[in-house]
Visitor: 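Take a look at this one; I'll ask things after.
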Amino acid sequence: MGEPILKIRNLQIEGFADEQWKPIVNGIDIDLNRGEVLGLIGESGAGKSTIGIATMGYCRPGCRFVGGTIEFDGVRVDELTSAQIREVRGVGISYVAQSAAASFNPAHRLIDQYVETPVQHGVLKFQQAAKNARAMYATLDLPDPDNIGKRFPHQVSGGQLQRAMVAMAMSCEPDLIIFDEPTTALDVTTQIEVLAAIKDIVHRFNTAAIYITHDLAVVVQLADRIMVLRYGDLVEESKTHEILNNPKEDYTRDLLAVRTFRKNSEDLVSGPVPLIDINNLHASYGGEIKVLEDINLSVEKGRTVAIVGESGSGKSTLARAMTGLLPPSQGTVKYSGIELPKSYKERTKDQLRQMQMIYQMPDVALNPRQKLREVIGRPLGFYFGIDGGERDRRVKELLEMIELPTNYIDRFTPELSGGQKQRVCIARALAAQPAVIICDEVTSALDQLVAEEILKLLDRLQKELEMTYLFITHDLATVKAIADEIVVMLRGRIVESGLKDEVLTPPHHEYTELLLSSVPEMDPHWLDRLLESRATVN
Amino acid sequence: MRFWLSLKRAGLPAHIGIIVIVLFAFAAVFAPWLAPYGESEVVDAVPWATPEESGTLLGLDQLGRDLYSRVLFGARNTIALAMGITILAFFMGMTAGFFAAVVGRWVDLLLSRLVDIIMAFPTLFFALIALSIFGTSIPVLVFVIATLDSTRVYRIARALAMDTNVMEYVEVARLRGEGLWWIMRREILPNTLTPLLAEFGLRFCFVFLFISSLSFLGIGIQPPAADWGAMVRENGVAITYGIFTPLVPAAAIATLTIAVNLVVDWFLRKTAGLREEY
């Protein structure tokens, strides 16, 4: 094996928050050999990204190195001057960020951005670098590798852009690549392309890599070794199969057990009239771009209907059309058999009250300048005219219902964690005593353990209050957990729908099949097998 | 508590600014008690008498009035007026700006073009015309300058409100069925307040300088009422004789302007979330 390419000892980093320095990383050791892939896994705040970029001798503004050494290829990165460090970055170590769209300069062509690093560092001449770029695009299975480089970043798809980003990271054939959540922002089907590309390139060039993610199922496909981090401390480190088969720490076991929650969906009874009945619904933006076509859907009281699809399938638009934010161009939405006006502006207060929404990003769904008293209390006052002490009492009741301490009533919303904020959004929706709650990707911005808690809470509330949910998501694992019925959408149309078991048991519609098979499993060989089976089919 | 903490950490420039503003405000409020002489009281018939000659702190002005007393009373007139104008300008500009952003469509179009038309004329030119037509009484002065300034406030308020307007919490409020006034007041206003407050400080300076320049031109605050701008103009000739008198009100204008800007700078830095590099 020889000397490790990367040797980190007792790395300590602090960040400045709330007017004081707080530790982010507490003494982490890493040894990484050539050609080895190390997975860093943990929830947000675990310090995994901070460690990732620290290997390049970089700290985000507002952070500082406190102690420890970082040795890359025998050189102490932490002792280099900024001029010397520039020689290492891009050439010796490169970085692939979560959002390729935000990492590319939208004003330059892909190939120019690829070529920039090697030419800048004097590693390659322009012609040679451009030739390499085309070869690399071909390696990564990008369409039309000879010409795709001439496109601008907005002219390729998200998955292609992420692969172009991986290609760019390889431009100087570095010894180490840091992948920081490279697939988190992608759809499941696109995620596979990128994972396959990364896996291929790492093996082919014998490059060492650090793969940072919160998704254990993804990292086991690539990593030889996994480090589990929490609050800047190492929880556990061992070989991938060891972690999977024989986890030593409780926290690791929790991470492995995530997504095992299953809703008990028995004894479904249909009422005489469905609670929500959508007929022949069409919607478009600006009258031209059709986003929804011929949607027919009915939702029974007390059930959870999951609407599944990838980005651009029109699932969020369906929610907007139902609530009247985007008045449909054709078709009707009926509530308890009564047709609702197309625009929310024409609906009565009571009609508005019946349909509440919970959003993906609790940060932007809560007014940061309001206290919980007002956030949760306003619907009570607005719809039911409750105020004063009675309102406070009801707000506290709701806080108990969502399992938050009642003294939080005087907190401002930014003082809560992500999961707590989402709970407050749920409480706000409940305060209106609605018949239906539309949940738009409510768990996708949350850490997995937190997301699972939210799902359990929603399930409990459904049982207690006979709530009806319309659950919009791209995440099939969530769907399996909570849905009674599933509706699969593709390009603005419903391709398959029915009870959960019907949809999940074969035979499927081919798109449903593609979606289902693309969900990563906690099995290191899952990706290889999947690619193999897809290759034989094609 | 949190406010005091951030105030404590504001840094030296902001502290200096705050102290100066507090001193000026104190002087403005307590002018009749602090000033040894009346606002237009002639102390001695000798114009521009030096401190030693007249036995006063800063000497006398062109009519033999006590300069120190005039500066104190001037603070009163100038600051109170500038404050009143800025508040009115913000009230008008913010209401119109939020309204345009939240309602959108033709309301936005109409208001924005109207503002463009007003802004197309040079401010001083517009003010000169308006003040010559309506006369130079205090209410006219306040209303004219406030209207002109509200166009600038409108633009910023509209831009900020548009950013906030697309937030999901505003969407939630709309879907709840909330009225326009609630959305403007409870959802938009609190989230645009900090940058607008910083802008308030800056606007205050501009208004203040604008009054001074109008007074300097003779159409602002009318004599014998003391006003810093007018005092510079009235005593301007003295500078040719090597007498420092006109520099005193000029220095007062400069000091207050700089002090307000120091505080605004701190405020802007705080709201922008920018930190010093460590």
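Numbered from 1 within each chain, the chains take letters A, B, ... in sequence-line order.
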Visitor: Within a strict 4.5 Å, meaning less than it, do heavy atoms of the N367(A) and V172(B) side chains meet?
Guide: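 No, too far: nothing below the 4.5 Å cut-off.
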
Visitor: Using only non-hydrogen atoms and a strict under-4.5 angstrom cutoff, which residues of residues 181-193 of chain B touch chain A?
Guide: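 Against chain A, the residues of residues 181-193 of chain B that fall inside the cut-off (heavy atoms, under 4.5 Å) are W182(B), R186(B), E187(B), P190(B), N191(B).
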
Visitor: If you measure from the Lys or Arg side-chain nitrogens to the Asp or Glu carboxylate oxygens, is any gap between D350(A) and R353(A) under 4.0 Å?
Guide: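 Answer for the salt bridge query: yes.
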
Visitor: If you define the side chain from C-beta out and look only at heavy atoms, does anything of L458(A) sit under 4.5 Å from M467(A)?
Guide: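 In short, these two side chains do not touch, never coming nearer than 4.5 Å.
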
Visitor: Are F26(B) and F30(B) close enough that their ring centers fall under 6.0 Å?
Guide: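 Yes.
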
Visitor: Between R64(A) (side chain only) and W21(A) (backbone N and O only), is there a donor and an acceptor less than 3.5 Å apart?
Guide: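 A pair under 3.5 Å: no.
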
Visitor: Say you draw a straight line from OG1 of T78(B) to CZ of F24(B); how long is it, rounded to the nearest 0.5 Å?
Guide: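 Reported to 0.5 Å precision, the distance equals 10.0 Å.
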
Visitor: Measuring only between side-chain heavy atoms, which start at C-beta, is K371(A) closer than 4.5 Å to T413(A)?
Guide: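 SC-SC contact between K371(A) and T413(A) ruled out.
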
Visitor: Taking R378(A) first and then E374(A), would you say they form a salt bridge - that is, a charged N and a carboxylate O separated by under 4.0 Å?
Guide: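 A salt bridge is absent here (no side-chain N lies under 4.0 Å from a carboxylate O).
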
Visitor: Give me the contact list for residues 90-106 of chain B versus chain A, heavy atoms only, anything under 4.5 Å, ordered by residue number.
Guide: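 R105(B), listed by number.
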
Visitor: Taking only Lys NZ, Arg NE, NH1 and NH2, and the carboxylate oxygens of Asp or Glu, determine whether R155(B) and D116(B) approach each other closer than 4.0 Å.
Guide: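 Yes, this pair counts.
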
Visitor: Return the set of residues passing side-chain hydrogen bond (donor to acceptor under 3.5 Å, both in side chains) with R347(A) (not counting sequence neighbours), or none when no residue passes.
Guide: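 By the side-chain hydrogen bond (donor to acceptor under 3.5 Å, both in side chains) rule, R347(A) matches no residue at all.
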
Visitor: Please determine whether a side-chain nitrogen of the Lys or Arg among E339(A) and K334(A) lies less than 4.0 Å from a carboxylate oxygen of the Asp or Glu.
Guide: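 Not counted as a salt bridge, because no side-chain N and carboxylate O are separated by less than 4.0 Å.
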
Visitor: Could K315(A) and D440(A) be called an ion pair, given the rule that one side-chain N must be under 4.0 Å from one carboxylate O?
Guide: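 Between D440(A) and K315(A) there is no salt bridge, as every charged N stays at least 4.0 Å from the carboxylate O atoms.
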
Visitor: With a cut-off of 6.0 Å (strictly less than), are more than 12 heavy atoms of other residues, nucleotides or ligands near OH of Y383(A)?
Guide: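 More than 12 heavy atoms, drawn from other residues, nucleotides or ligands, come within 6.0 Å of this atom.
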
Visitor: Would you please go through residues 159-169 of chain B and name the residues with a non-hydrogen atom below 4.5 Å from one of chain A, in numerical order?
Guide: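 Answer by number: M167(B), E168(B), Y169(B).
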
